[in-house]
Amino acid sequence: MQIDPKNYPIAVLGTGTMGEGIAQTAATAGHPVMLYDVSQEQTRAALENIAKRLDRSTKKRKITAEKKDQIQANLSPKQSLKELAPAKLVIEAIIEDLEIKQNVFCQLESLLGADAILATNTSSIDLNKMGSTLKRPERLVGMHFFNPVPVMKLVEVIKGNETSEETTAATIALSEQMGKIPVTANDFAGFVSNRVLMPMINEAFHAWADGVAEPEAIDSIMKLGCAFPMGPLRLADYIGLDVCRDIMKVMYEGLDQNPKYLPSEKIVALVDAGHLGDKTGQGVYKHEKG
Ligand code: 3HC
């Protein structure tokens, strides 16, 4: 499938960490990108963060000043869902709540062209349930990006029971066009990435709770011994401890309430105390802002 990015507008819904990274990646690949979030403040912050990163890349001579201007010109903030109507692909990266996602997708379905693709960046929610309220569930697909999106190569492409071959093929082509490597998986809670990653992170918390070692030692062992760029506890802070807890819960519910997917008490206690990781400045570790 040949894609001319200039004529393939993409809407990114939700401008938190993931939406921000997805928008930057799509704009860098040449797509006009519309950004929408219920909080306009959040969208402004996302655009500022992207501008700062592009500035850094220009100073490091990774991109030219002209390229930076082109990328920024491709990004346009929007104030309402209605303004996303020209999008041929919508990538949703909003709160991990099934009903809210269903509601937004139903509204989008009536606004967008009949062949527009509805992609969700959900990290674990059941795509079949998400599509159950749609008139055209064959256009719904999972497009699971990884943080930091401009750096991480993978897009985990999730096929729901109703996702058409045409939608899957277009999503694979679009991911490649955005400079990513798509790999497909079927619709099980946690898909492949979080099904494998999250129990490993959870086990690191159990090891800490059992006194096997302190967090720094656990992370050093996994970094130096298994060549991970970050140890599992550092990565949990980076992802967000609330996100890790929620993904474990979705897997617990979605995979026959198998107790091996229950979040560790350490994660739950840190989240309950408001220590969510990098974003709050405190998680397993203390973090300095920025
Ligand atoms: N956005 C854009 N670019 C970023 C970035 C960000 N948030 N953070 C770092 N980068 C870029 C830097 O600019 C730098 O680019 P350059 O080489 O062109 O100058 C490059 O990444 C390397 O950054 P640093 O030198 O600052 O730091 P590191 O070499 O330590 O790399 C890291 C940082 C890329 C975050 C690395 O530690 C890493 O790969 N960590 C693991 C990340 C991971 O596992 N992510 C997946 C999480 S799971 C997930 O997202 C799924 C969800 O469902 C939970």
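Indexing begins at 1, ligand by ligand and atom by atom, following the structure's order.
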Novice: Ignoring hydrogens, tell whether any protein atom lies closer than 4.0 Å to atom 20 (C) of ligand 1; use the non-hydrogen atoms only.
Specialist: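 Flag for atom 20 (C) of ligand 1 set to false, no protein heavy atom closer than 4.0 Å.
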Novice: Would you confirm whether any non-hydrogen atom of the protein falls under 4.0 Å from atom 1 (N) of ligand 1?
Specialist: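 Within 4.0 Å: yes, protein heavy atom nearby.
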Novice: Can you check atom 23 (O) of ligand 1: any protein non-hydrogen atom closer than 4.0 Å?
Specialist: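 Within 4.0 Å: no protein heavy atom nearby.
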Novice: Protein heavy atoms near atom 50 (O) of ligand 1, is at least one of them under 4.0 angstrom away?
Specialist: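 Protein heavy atom within 4.0 Å of atom 50 (O) of ligand 1: present.
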Novice: Among Asn128, Thr163, Asn161, exactly one meets side-chain hydrogen bond (donor to acceptor under 3.5 Å, both in side chains) together with Asp187. Which residue is that?
Specialist: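 Result for side-chain hydrogen bond (donor to acceptor under 3.5 Å, both in side chains) with Asp187: Asn128.
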Novice: Hey, is atom 7 (N) of ligand 1 under 4.0 Å from any protein heavy atom?
Specialist: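 Yes, at least one protein heavy atom sits under 4.0 Å from atom 7 (N) of ligand 1.
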Novice: Short check: is a protein heavy atom less than 4.0 Å from atom 12 (C) of ligand 1?
Specialist: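 Within 4.0 Å of atom 12 (C) of ligand 1, no protein heavy atoms are found.
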Novice: Out of Pro229, Ser124, Pro150, whose heavy atom is nearest to atom 41 (C) of ligand 1?
Specialist: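 Shortest heavy-atom distance from atom 41 (C) of ligand 1: Pro229.
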Novice: Measure from NZ or CZ of Lys223 to the centre of the six-membered ring of Phe228 and say whether it is under 6.0 Å with the direction within 45° of the ring axis.
Specialist: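 Relative to the ring axis of Phe228, which defines the angle, Lys223 lies outside at least one limit.
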Novice: For atom 3 (N) of ligand 1, what's the nearest protein heavy atom and its distance?
Specialist: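 Result: Val151 CG2, 3.4 Å.
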Novice: Looking at atom 30 (O) of ligand 1, is any protein heavy atom nearer than 4.0 Å to it?
Specialist: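 No, because not a single protein heavy atom sits under 4.0 Å from atom 30 (O) of ligand 1.
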Novice: I want to confirm something. Looking only at heavy atoms, which of Pro148, Cys244, Ser123 is nearest to atom 5 (C) of ligand 1?
Specialist: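 Comparing heavy atoms across Pro148, Cys244, Ser123, the nearest one to atom 5 (C) of ligand 1 lies in Pro148.
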Novice: Should we say atom CD of Glu99 is surrounded by more than 12 heavy atoms from elsewhere, each under 6.0 Å from it?
Specialist: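 Result for CD/Glu99: open.
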Novice: Under a heavy-atom criterion of less than 4.0 Å, does Val149 contact ligand 1?
Specialist: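 Judged by the 4.0 Å heavy-atom criterion, Val149 does not count as contacting ligand 1.
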Novice: Taking His31 as the fixed residue, which of Lys6, Lys88, Gln177 is the one that meets the side-chain hydrogen bond (donor to acceptor under 3.5 Å, both in side chains) rule?
Specialist: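 Between His31 and the candidates, side-chain hydrogen bond (donor to acceptor under 3.5 Å, both in side chains) is satisfied uniquely by Gln177.
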Novice: Judged on heavy-atom distance to atom 52 (C) of ligand 1, which of Lys223, Arg53, Met18, His144 sits nearest?
Specialist: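 When every heavy atom of Lys223, Arg53, Met18, His144 is considered, His144 comes closest to atom 52 (C) of ligand 1.
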Novice: Parallel, tilted or perpendicular: which fits the ring planes of Tyr285 and His287, with parallel below 30° and perpendicular above 60°?
Specialist: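 Perpendicular, since the angle between the ring planes exceeds 60°.
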Novice: Can you figure out which of Glu20, Arg56, Met152 has its heavy atom closest to atom 43 (C) of ligand 1?
Specialist: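 Heavy atom nearest to atom 43 (C) of ligand 1 belongs to Met152.
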Novice: Please state whether Asn194 comes within less than 4.0 angstrom of ligand 1, counting heavy atoms only.
Specialist: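 Judged by the 4.0 Å heavy-atom criterion, Asn194 does count as contacting ligand 1.
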Novice: Which residue and atom name correspond to the protein heavy atom nearest atom 42 (C) of ligand 1, and how close is it?
Specialist: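 So the nearest neighbour among protein heavy atoms is Asn147 O, 3.7 Å.
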